[in-house]
Amino acid sequence: MNWIKNSFQLSQILTFCFALLFFSLVDAKDIPHLKQQGSTFQLMVDGKPMLVRGGELGNSSASNLQYLGQYWSKFKALNMNTVVAPVYWDLVEPEEGKFDFSLVDGLIKDAQKHDMKLVLLWFASWKNSMSSYCPEWVKIDTKRFPRSRDRNGQAFEILSPFHPENYQADARAFASLRAHIKKVDKHQVVIMLQPENEVGMVEHARDYSDKATELYHSQVPQKFISYLLENKSHLTPKLRNAWALSNFRTSGNWVEIFADSPQTEEFFMAWYFAQYTHHVAQAGKQEYPLPMFVNAALIRPGYQPGQYISAGPLPHLIDIWRAAGPAIDFIAPDIYFPNFTYWTERYTQSGNPLFIPEALRNNDASVNALYAIAEHSAMGFSPFGIESIEEVAGALLSQSYDLLAQLEPLILAHQGKPTMRGFLQISDQQKAPQQIRLGKYEMQVKFEYAPPPSLANGVINESGDISRGPKMPSGGLVIQLSENEFIFAGIGITITFDSLMANQQAGIVSAQSGRFEQGKWQNLLWNNGDQTHQGRHVRIEPGQFGIQKVKLYRYN
Ligand code: DGJ
């Protein structure tokens with residue numbers, strides 16, 4: 001009898017151990033992470049790659065879940081699958097060491113209820129350079145938590161990155177947040193995190209506090225020198241050129257190695273900002289290793305360090321952020337400027353994966369999303385202030401996100417490979433068609449911006465002009481399915497074809513418009529005649545997003 005009881009207990013213990021092992025394996029496998037595919041990295045969620053059809057909340061909207069509650073149906077109607085939302089240090093830790101995660105819990109619950117994922121932004125030591133989200137006990141204790149100072153010793157509301165007390169307090173709170181998410185988020189609603197927000201110095205190229213000045217005139221950290229030596233052949237041009245001024249010295253202070261300039265002051269600040277953010281990120285990672293990125297405010301043309309938010313995770317500083325911040329997985333742009341193609345290109349140099357946590361929520365957001373995801377294998381896209389998106393921009397984004405949802409498996413299979421391209425006019429000034437090569441074909445893409453008939457008259461556009469209606473977007477993508485088969489998706493694009501084979505011309509066998517339903521193509525119209533200009537081109541009309549499946553051939 002006794003042995004039955006004992007063996008029963010033993011089998012219970014064994015079952016329990018197996019269950020524990022099983023669940024810990026499942027957990028480890030299912031934690032969102034980045035995985036390389038071809039030349040890019042994809043975000044893996046629930047064991048498979050995912051495209052983030054996101055929208056970032058206005059800064060204060062996540063401070064009241066009831067207020068936010070009115071917008072979830074709008075997010076659904078926009079075909080979003082992810083909300084990018086802030087978590088506020090001042091509300092999470094109003095008293096030192098006493099944490100209140102009720103907003104985070106509610107956010108996770110509400111997102112899950114609406115079948116959405118969350119990317120959380122840790123508004124802590126810095127938000128758009130300033131330290132406005134620090135809790136009161138940090139703000140008022142300037143002795144314990146020192147501020148940056150100008151040349152006259154005047155303090156400003158930017159925590160100094162040179163003081164361990166500052167990052168230790170931030171890191172403790174971030175680690176608690178991560179431990180809490182790990183505990184409560186059993187369905188992996190939270191998929192990525194951003195420590196801090198638009199870190200950087202503004203109005204001054206650097207902190208001029210005594211501690212900062214002492215470090216500026218001290219040896220450049222050996223860790224940075226080693227990185228410079230190891231990566232000398234492919235450093236960003238600005239960094240390499242500055243280092244070349246000292247004939248690539250390998251010891252000395254910041255001025256001796258890079259010369260005395262606002263640019264050197266920016267390098268110096270970038271090193272310490274990155275190191276600080278690394279400490280915060282690392283503390284969080286130890287609790288729960290979700291992917292992490294840092295975002296940057298971009299530079300207006302002609303602005304010098306100190307005039308823009310300097311020393312943040314900008315592309316010319318990527319080496320410094322990489323060397324000082326290994327716990328951070330990648331850097332990300334907040335793109336509010338019209339030269340979208342320029343910034344996406346800069347941010348994908350030297351293998352940085354692309355994710356756009358913030359973008360202008362205008363009509364162009366709809367095509368910018370397609371372009372970034374196809375041309376640069378972006379993990380996702382997210383216009384800022386999504387709850388306030390205007391009617392036309394919202395309708396366009398919703399169509400574009402619907403199209404991304406239909407194409408998601410196909411896009412994910414082609415990311416990081418040379419079989420997918422994005423279409424976007426480089427700028428309003430440059431009207432030339434875009435020319436791309438895919439397999440044995442060359443394609444010329446022309447962009448049309450006409451509004452649909454219902455919007456053409458009497459509607460006030462973004463510049464207040466009522467005569468022409470709002471400027472409509474134009475752009476899209478192409479995916480090569482086989483030698484002669486292609487998927488085109490987008491709005492307001494006309495594509496003509498040439499053969500890259502000698503003495504051959506390209507023609508259209510067929511062009512169908514339709515939809516993907518559960519990954520399967522459903523033909524809607526068999527386009528020919530006027531719709532293909534009698535076999536001369538493929539056209540997706542302006543004003544309405546669409547998908548076409550096209551078969552080409554070559555003849556002589
Ligand atoms: C960029 C910031 O990261 C956001 O939090 C917000 O302040 C926007 N700018 C406002 O345009």
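When a ligand or atom number is given, it counts from 1 through the structure's own listing order.
Annotation: K76, atom NZ; neighbour count of heavy atoms from other residues, nucleotides and ligands within 6.0 Å is above 12.
Residues W271 and F268 place their aromatic rings such that the two centres sit no closer than 6.0 Å.
Note: W343 and F337 have tilted aromatic rings, judged against thresholds of 30 and 60 degrees for the angle between ring planes.
Near ligand 1, N59, K127, N128, N197, E198, D334, Y336, E358, F384 each place a heavy atom less than 4.0 angstrom from the ligand.
Side-chain contact check for L177 versus W122: some heavy-atom pair is nearer than 4.5 Å.
Ionic pairing of E266 and K238 is not present here: no N-O contact between side-chain nitrogen and carboxylate oxygen is shorter than 4.0 angstrom.
One N or O on the side chain of Y276 and one on the backbone of N166 form a donor-acceptor pair closer than 3.5 Å.
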